[in-house]
**Q** 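Dumping the structure here so I can ask a few things about it.
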Amino acid sequence: MDEKFKKPYEPAETEARLYKAWEESGYFNPDNLPNATKGPFTIMMPPPNATGVLHMGHMLGCTIQDIMIRFRRLQGYEALFLPGTDHAAIATQARVEKDISKNEGKSRHDLGREELVRRIDEFVEGSRDTIRKQIRATGASCDWSREAFTFDEARNRAVNQMFKDMYDAGLIYKGLRIVNWDPKGQTTISDDEIVHEERPGKLYTFKYAKDFPITIATSRPETKVGDTAVAVHPNDPRYKEFIGNEYDLEFCGSPLHIKIVADESVEPEFGTGALGVTPAHAHIDWEIGERNNLPHPQVIDERAKIMVEGPLHGLKVAEAREKVVEWLKEQNLLESEVSITQNISTAERTGGVIEPLPKLQWFIDVNKPIKERGNKSLKELMLEPVRSGAINILPDHYDKTYYHWIENLRDWCISRQIWYGHRVPVWTRGEESVVGDAPAGDWKAEGWVQDEDTLDTWFSSGSWTFSTLGWPNEAPDLARFHPTDVLETAYEILFFWVARMILMSQFVLGEIPFRTVYLHGLVRDAQGRKFSKSLGNGIDPIEVINKFGADAARISLVIGNTPGTDMKLSEDRIKGYKHFANKLWNITRFILENTEDVDLEAPRTEADFTLEASFANLAADVTKDMEAYRLYLAADKLYQYAWSELASTIIEESKPILSGDDAAAAASRKAVLRALLKDLLILLHPFMPFVTEEIWQSLPETEGMLIVAQWPSA
RNA sequence: GCGGGCUUAGCUCAGUUGGUAGAGCACUCGAUUUACACUCGAAUGGUCGGGGGUUCAAGUCCCUCAGCCCGCACCA
């Protein structure tokens with residue numbers, strides 16, 4: 001027996017050594033698996049944002065995925081776990097801009113586009129390196145030879161091709177629409193990047209002018225200088241007689257031309273039953289404006305300041321609001337002022353208050369029938385595979401959430417006014433335009449200009465399952481590994497990302513991107529609070545791994561953690577599983593010490609035959625759990641078996657047998673102990689890869705690495 | 001407003017197709033030059049949120065009520 005078993009298990013040294021050995025073995029690459037007979041099994045790692053370091057949620061994801069991958073590899077599949085990182089356009093640019101502003105007092109405009117992008121690239125390079133090290137520390141057995149980045153050259157080709165294909169299919173269009181403008185980030189954001197916040201506000205009820213017949217209510221009086229109509233319900237008896245009338249008035253120093261229009265969307269019961277329509281600065285008003293052919297003058301600019309001439313000019317919206325209210329009071333037009341709680345839209349990344357503005361942006365039409373796809377729309381292409389069960393979402397109830405989201409989906413705004421990211425692949429020269437690839441030759445010299453905007457980061461990560469496999473090139477990997485098997489990610493990004501991947505894969509390949517979506521919950525602190533910088537309650541995965549070992553961290557993230565449910569994690573919990581790793585170590589020590597002269601083929605006693613049979617049942621049971629993604633159950637069963645059954649019961653019973661007079665019984669027991677240990681190591685390997693591999697390589701009867709052993713149950 | 005989830009031992013949570021209520025931690029008592037620095041055994045602890053129903057049988061299925069949480073939409 002190796003001397004190392006006389007001391008407690010020491011994870012730190014073991015883990016670094018074994019990860020290196022695995023990498024050098026080539027087994028992380030499915031092309032090198034000697035006994036793979038069952039075809040491919042593929043998981044694309046959700047690329048962590050290149051903005052920083054991994055948190056416990058990433059570690060949870062890596063662990064679950066790696067468990068699935070190692071399980072399938074042991075079963076004989078060509079397991080591919082493809083790693084990568086995400087350039088996370090807005091988040092990354094915001095991060096670097098903040099650093100530059102803090103350290104150098106400069107803005108992005110001081111640096112210029114080229115220099116800023118260069119700085120961000122530099123930052124991202126360092127950040128990606130950190131992330132790579134962290135992923136390795138978790139034990140993730142991913143194929144580094146296929147590593148990808150959402151903003152590298154290969155992915156840029158994919159993005160441009162995707163854009164072109166969608167453009168050619170008439171799905172991508174440029175249009176003047178009311179968009180979510182983030183004055184803080186100075187960019188458009190999509191509907192999904194908005195977070196609603198409750199704040200106290202006031203509802204003002206007033207008339208535009210003394211001789212105006214209808215009273216309206218609003219919480220944003222400052223926008224009223226942009227009003228072009230008052231909308232009422234067509235059947236509202238109070239206002240029926242005014243419909244169609246037009247009025248010229250003066251409002252707070254600005255001339256207004258107001259038309260009374262009828263629109264079904266107006267609720268007669270709310271406020272006065274009459275809505276002042278500001279088409280340029282509210283989504284609903286924009287739609288009313290479209291239906292009634294109203295002009296939509298913009299009165300608020302990109303810095304959230306009033307842009308009309310007059311006393312309000314140049315004021316921030318909050319200042320302008322006070323001024324308008326003051327004016328209303330002076331003119332005796334204000335009928336009431338009531339305190340309300342209102343929901344404010346803010347930008348997820350920057351916290352800026354969203355200002356709806358009309359802007360010329362690129363959109364993806366989600367309702368247009370697509371000829372090449374049987375006249376189905378993108379919405380239908382997203383719904384269909386989930387409805388039919390071709391894509392199975394775990395936990396099941398999330399499919400309802402998914403349908404609900406798609407049914408409410410509007411056209412996807414994909415252009416962003418930031419500098420870091422895939423630039424919109426459209427070049428223009430006068431009336432001419434080219435989409436997809438830059439015009440041949442020195443296009444700049446020939447007067448071509450590329451669109452200034454960049455693309456929403458989810459546009460590039462949407463093609464992750466196949467851009468990573470070589471698309472749009474004819475790539476053998478694409479045919480071999482796509483559709484992928486499992487997409488494992490946080491339930492938070494079901495819409496952001498999972499839905500977009502389904503959209504893109506369905507559109508461009510006509511196939512699903514993955515068969516199973518496994519959604520994990522949030523990792524919270526021991527009190528159930530979210531990890532946050534301000535609370536300082538974060539648990540750093542690397543610290544935990546150094547302290548307790550990756551195996552302990554992995555299994556503590558899995559046991560008792562069902563898909564879709566948040567979990568509470570404490571150091572005590574992880575400590576308990578460090579003890580478990582050591583328990584396996586000591587089980588091995590006992591068995592090796594007492595079975596040096598083992599004959600592995602010794603005839604079994606009846607009792608020992610039963611032990612092996614019940615282990616076989618356990619293995620079958622665990623296999624079923626793994627295949628049904630009940631990892632939490634499989635892990636718990638193995639833990640119980642190893643500790644209560646093998647260690648506390650079987651080994652205790654073995655002591656008298658091994659030292660007793662019955663040589664046949666002793667020989668049988670020795671063989672059985674060795675057999676049970678060996679197979680238990682295989683079953684536990686996906687969960688605790690390091691300690692099991694380390695023990696495996698110390699068993700005299702094993703050859704080669706555990707990572708490519710054979711799973712003991714069909 | 002629409003949708004979803006949770007409520008099981010002091011704490012954290014499992015409980016997969018309905019079939020004798022479980023684990024870890026904590027607590028109490030005991031064992032022990034012991035494979036175990038991180039050990040073992042035993043004990044304590046549950047009207048499975050309340051009520052109703054289906055069933056031979058319900059923590060599990062159905063209805064209903066309550067509390068907590070989350071997502072989406074949003075009122076101008």
**Q** A/N292 CG to B/A76 P: how many Å, rounded?
**A** 20 Å

**Q** Can you list the steps and then say if A/W405 with A/L494 is a side chain to side chain contact (heavy atoms under 4.5 Å, CB included)?
**A** CA-CA 10 Å; A/W405 178 80; A/L494 177 63; over 6 Å; no

**Q** Let me have a per-nucleotide readout for nucleotides 13-33 of chain B, 5' to 3', with B, S or -, counting only protein heavy atoms under 4.0 Å.
**A** SSSB------S----------

**Q** Taking pairing as Watson-Crick or G-U wobble with both contacts under 3.5 Å, can you name the mate of B/C6, or confirm there isn't one?
**A** B/G67

**Q** With respect to the phosphate group of B/C2, does any side-chain polar atom (N or O) of A/N408 fall under 4.0 Å of OP1 or OP2?
**A** no

**Q** Test A/W412 against A/D456 for side-chain hydrogen bond (donor to acceptor under 3.5 Å, both in side chains), laying out the working first.
**A** CA-CA 10 Å; A/W412 173 16; A/D456 182 3; 3.0 Å; yes

**Q** What's the CD-P distance between A/E652 and B/G41, to the nearest Å?
**A** 8 Å

**Q** Between A/K678 and A/E701, does at least one N-O distance fall below 4.0 Å, as a salt bridge requires?
**A** no

**Q** Of A/E10, A/E694, A/E13, which meets salt bridge (charged side-chain N to carboxylate O under 4.0 Å, His left out) against A/K4?
**A** A/E694

**Q** Would you please confirm or rule out a distance under 4.0 Å between OP1 or OP2 of B/G71 and any side-chain N or O of A/T401?
**A** no

**Q** Could you work out the separation of B/G15 and B/U7 based on their P atoms and round it to a whole Å?
**A** 10 Å

**Q** Between A/R524 and A/L569, is the side chain to side chain contact (heavy atoms under 4.5 Å, CB included) condition met? List the steps.
**A** CA-CA 6 Å; A/R524 297 170 177 272; A/L569 185 70; over 6 Å; no

**Q** Write down the distance between CD (A/E492) and P (B/G5), rounded to a whole number of angstrom.
**A** 19 Å

